[in-house]
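This report concerns only the one structure given below.
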Amino acid sequence: MRKNLFAFLLLLALILPTAALGQVAVKITPAERKMAEFITAKQLSDYLHFVASDAMEGRDTPSRGLDVTAEFIKMNLSRWNFKPAGDNGTFFQKIALRRENIDAAATKLNIDGTEFVFNEDFFRLNGNANTGNVPLVFGKDGWMIKSKNIDALQGIDVKGKIVVFADNNFSQQYMLPPPAGVSPTDLPAAERGKEWADPVTNAQMKGAAGVIVIAPQQMLGFWNMLKNFFSRGNMYPEKLRAESASNALSNTMPVMLAAAKVRDAIFGAGADIANISAGDLNKNGALSAKSTVETVWTQNVVAIWEGSDPVLKNEYVAIGAHYDHDGVRPNAPGEDKIWNGADDDGSGTVAVLSIAEALAAAPKRPKRSILFVWHTGEEKGLWGSEYFTKFPTVDIKSIIAQINIDMIGRSKKPGDTNPKNKELSGENEIYVIGSEMMSSTLGAVTKQTNDKYLKLNYNYKYDDPKDPNRFFFRSDHFHYAQKGIPVAFWFDGVHEDYHQASDHPDKIDYAKMEKVTRTIFLTLWELSELKQRPVIDKQLPPELTQR
């Protein structure tokens with residue numbers, strides 16, 4: 001009997017549909033196709049020409065233009081009868097930002113009597129103090145990691161002195177990245193300042209009076225661009241900084257980021273820093289920094305489209321985009337001073353808005369509820385998504401998946417030989433990132449929806465945590481993934497107008513954008529209809545295990 005049972009089960013496994021084997025079988029009905037067709041190229045164009053107009057002044061965080069864009073999104077959500085899901089029954093999740101305005105006249109860097117030019121030769125990173133004229137010491141890369149027996153400042157007397165740090169490497173997260181062989185798992189956030197310390201924290205723990213960080217070579221290549229950022233002083237969400245206050249040290253110690261002139265004054269022109277030993281530099285220096293502080297406000301825009309199933313409506317499929325960009329740059333060369341951000345990420349902003357409008361016009365509701373979040377401050381460091389996932393306005397555990405749309409409006413035309421467009425996706429192509437990285441179910445829904453609908457060329461080139469561009473870690477979905485939520489991210493690739501004033505709405509491929517947005521709408525719908533929520537069944541990169 002057991003033999004017969006085994007044969008029967010084997011036969012059953014061969015003939016059952018893939019859904020019965022723990023997979024997904026997506027079926028797109030004619031009614032669902034009709035719902036997606038509510039999204040049109042003209043609709044997307046109309047919205048984007050408003051959001052990315054000069055009147056929005058580049059949607060900097062914070063700014064009047066960003067606030068007007070938020071009001072525009074809110075107005076439409078209210079017209080379409082969405083449920084507010086921000087603070088106190090509103091569509092806005094308000095975020096207080098602490099902004100420091102630098103006193104340029106009182107911010108100085110001096111090496112052996114030579115005065116350097118603020119915002120030309122150096123930038124202020126932090127601090128409100130005057131070191132006086134004190135010795136300089138070299139601290140190499142500055143890192144301390146107890147578990148690896150690493151401490152660049154071990155045996156060096158830094159108390160009351162200015163510590164100089166330099167390294168030829170650079171990373172997105174740290175100007176001076178951890179030494180080779182150190183992974184994110186070696187740097188748990190809760191142990192910062194105890195079991196490990198970045199260079200500045202390490203210096204301050206050991207009593208340094210100030211810090212000079214020599215900019216890595218890669219950073220010197222876009223030094224003038226950094227001026228627009230650092231000249232405005234520090235700004236950060238107060239609650240995010242307060243959350244880690246137990247590990248934070250005083251911010252009074254002046255910290256400066258220095259360019260080539262300062263480097264040469266300290267080490268000598270042409271010096272090979274890699275061969276210079278840590279310790280006393282036989283030079284003196286003086287740092288002073290002063291700033292005033294004010295509180296300014298920004299906001300995420302948050303809304304819910306309630307599901308129809310009495311049980312499943314308590315779960316959410318989240319969809320989002322960042323609606324901010326880089327604002328106005330008065331010192332930029334040329335006549336155009338406004339970074340309109342049509343593709344980045346006006347395209348995602350209005351795609352999500354059009355998906356919301358399509359849901360409102362649909363003859364029926366999805367089974368699960370849909371959570372819409374337009375994130376602020378992505379360009380400043382994923383502020384809005386980090387804030388929402390740490391201080392959510394819904395139960396974060398009820399979010400079964402998150403869809404992120406960040407740049408879907410550009411396409412590489414036949415015959416385009418511009419090297420800056422080398423990685424730009426084609427007219428029927430889009431990069432999909434993350435869907436295959438965390439959950440087989442999410443990957444299957446994403447792929448099958450496309451295969452059974454418009455059959456776009458889904459390019460998974462960047463769906464890899466080892467991608468040197470690190471695109472998976474550079475947009476808002478990342479903070480949802482850190483909370484154990486499966487994510488999928490649609491992205492058209494970098495191009496000649498990426499983070500340039502020339503990123504204008506008249507350069508968008510609206511036909512492509514329509515196809516991508518309709519496909520994402522149906523992907524959202526299929527996720528909302530799943531009987532069971534997607535589970536994480538893939539081996540996660542270390543960055544997603546530290547949550």
Exactly one of W305, F91, F82 clears ring pair (Phe, Tyr, Trp, His ring centres under 6.0 Å) with F372, and that residue is F82

With S53, which residues qualify under side-chain contact (heavy atoms from CB on, under 4.5 Å), at least two apart?
A55, M56

Aromatic contact between W374 and Y323, with the criterion being ring centroids under 6.0 Å apart: yes or no?
no

Roughly how far, to the nearest 0.5 Å, is CD of E379 from CG of D324?
5.5 Å

Looking at residues at least two apart in the chain, or sitting in another chain, which of them share a side-chain contact (heavy atoms from CB on, under 4.5 Å) with K108?
E115, S288

Taking salt bridge (charged side-chain N to carboxylate O under 4.0 Å, His left out) as the test, write out the residues that go with D467, two or more places apart.
none

Is any side-chain N of the basic residue among K380 and D60 closer than 4.0 Å to the acidic one's carboxylate O?
yes

Would you check, one step at a time, whether the test salt bridge (charged side-chain N to carboxylate O under 4.0 Å, His left out) holds for R470 with E543?
CA-CA 12 Å; R470 293 180 63 81; E543 291 89 343; 3.3 Å; yes

OG-CG distance between S411 and D492, expressed to the nearest 0.5 angstrom:
8.5 Å

If you take all heavy atoms of P486 and I400, which pair is closest and at what distance?
CD-O, 3.4 Å

Taking only residues two or more places apart in sequence or in another chain, which ones pass side-chain contact (heavy atoms from CB on, under 4.5 Å) with E57?
R64, V328

Quick one: do the H504 and D336 side chains pair a donor with an acceptor below 3.5 Å?
yes

Taking the six-membered ring for Trp, are F472 and Y462 ring centroids under 6.0 Å apart?
no

Decide whether a cation-pi geometry holds between K239 and F391; the criteria are a distance under 6.0 Å from NZ or CZ to the six-membered ring centre and an angle within 45° of the ring axis.
yes

A side-chain contact here means heavy atoms from C-beta on lying under 4.5 Å apart; do I319 and F521 qualify?
no

Please work out which of the three classes, parallel, tilted or perpendicular, describes the rings of F491 and Y431, given edges at 30° and 60°.
tilted

Find out whether R192 and D198 are in side-chain contact, i.e. whether some heavy atom of one side chain is under 4.5 Å from a heavy atom of the other.
yes

Output yes when a side-chain donor or acceptor of W196 lies under 3.5 Å from a complementary backbone atom of P188, and no otherwise.
yes

Under 6.0 Å between ring centres: does that hold for W223 and F123?
yes

My understanding is that only residues two or more places apart in sequence, or in another chain, count here; which of them pass side-chain hydrogen bond (donor to acceptor under 3.5 Å, both in side chains) with T295?
E238

Does the side chain of K337 reach to within under 4.5 Å of the side chain of N331, using non-hydrogen atoms?
no

Would you say the side chains of H499 and D326 form a donor-acceptor pair under 3.5 Å?
yes

Short side-chain to backbone donor-acceptor contact, T523 and T519, under 3.5 Å
yes

Without hydrogens or angle criteria, can the side chains of S347 and D343 be said to hold a donor-acceptor pair below 3.5 Å?
yes

Kindly indicate, with the supporting measurements, whether the criterion salt bridge (charged side-chain N to carboxylate O under 4.0 Å, His left out) is fulfilled by D509 and K412.
CA-CA 10 Å; D509 182 344; K412 185 177 181 180; over 6 Å; no

Using atom types as modelled and distance alone, determine if a side-chain donor or acceptor of H325 lies under 3.5 Å from a backbone N or O of G327.
no

Does a salt bridge link D167 with K140, judged by any charged N lying under 4.0 Å from a carboxylate O?
no

side-chain hydrogen bond (donor to acceptor under 3.5 Å, both in side chains), paired with H322, selected from D344, N404, T376:
D344

Ion pair E100/R124, N-O distance below 4.0 Å:
yes

Any residue meeting side-chain contact (heavy atoms from CB on, under 4.5 Å) with E294, in chain and number order, not counting sequence neighbours
R99, N101, V296

For Q43 and Y510, run side chain to side chain donor-acceptor pair (under 3.5 Å): C-alpha distance rounded to whole Å, both residues' side-chain angles, the deciding distance at 0.1 Å, then the answer.
CA-CA 9 Å; Q43 169 199 37; Y510 291 100; over 6 Å; no

Short question: side chain of D463, backbone of E436 - any donor-acceptor pair under 3.5 Å?
yes

Donor-acceptor under 3.5 Å (S291 side chain, D103 main chain):
no

Taking 4.0 angstrom as the limit, do E71 and K74 come out as a salt bridge?
yes

For K290, is the NZ atom crowded, meaning more than 12 foreign heavy atoms sit under 6.0 Å from it?
no

How about L109 and V117: do any of their side-chain heavy atoms sit closer than 4.5 Å?
no

Below 4.5 Å, heavy atoms only, C-beta onward: do M235 and W383 meet side chain to side chain?
yes

Aromatic ring centroids of H477 and F471 under 6.0 Å?
no

Of all heavy-atom pairs between G384 and N300, which one has the smallest distance, and what is that distance?
O-ND2, 3.1 Å

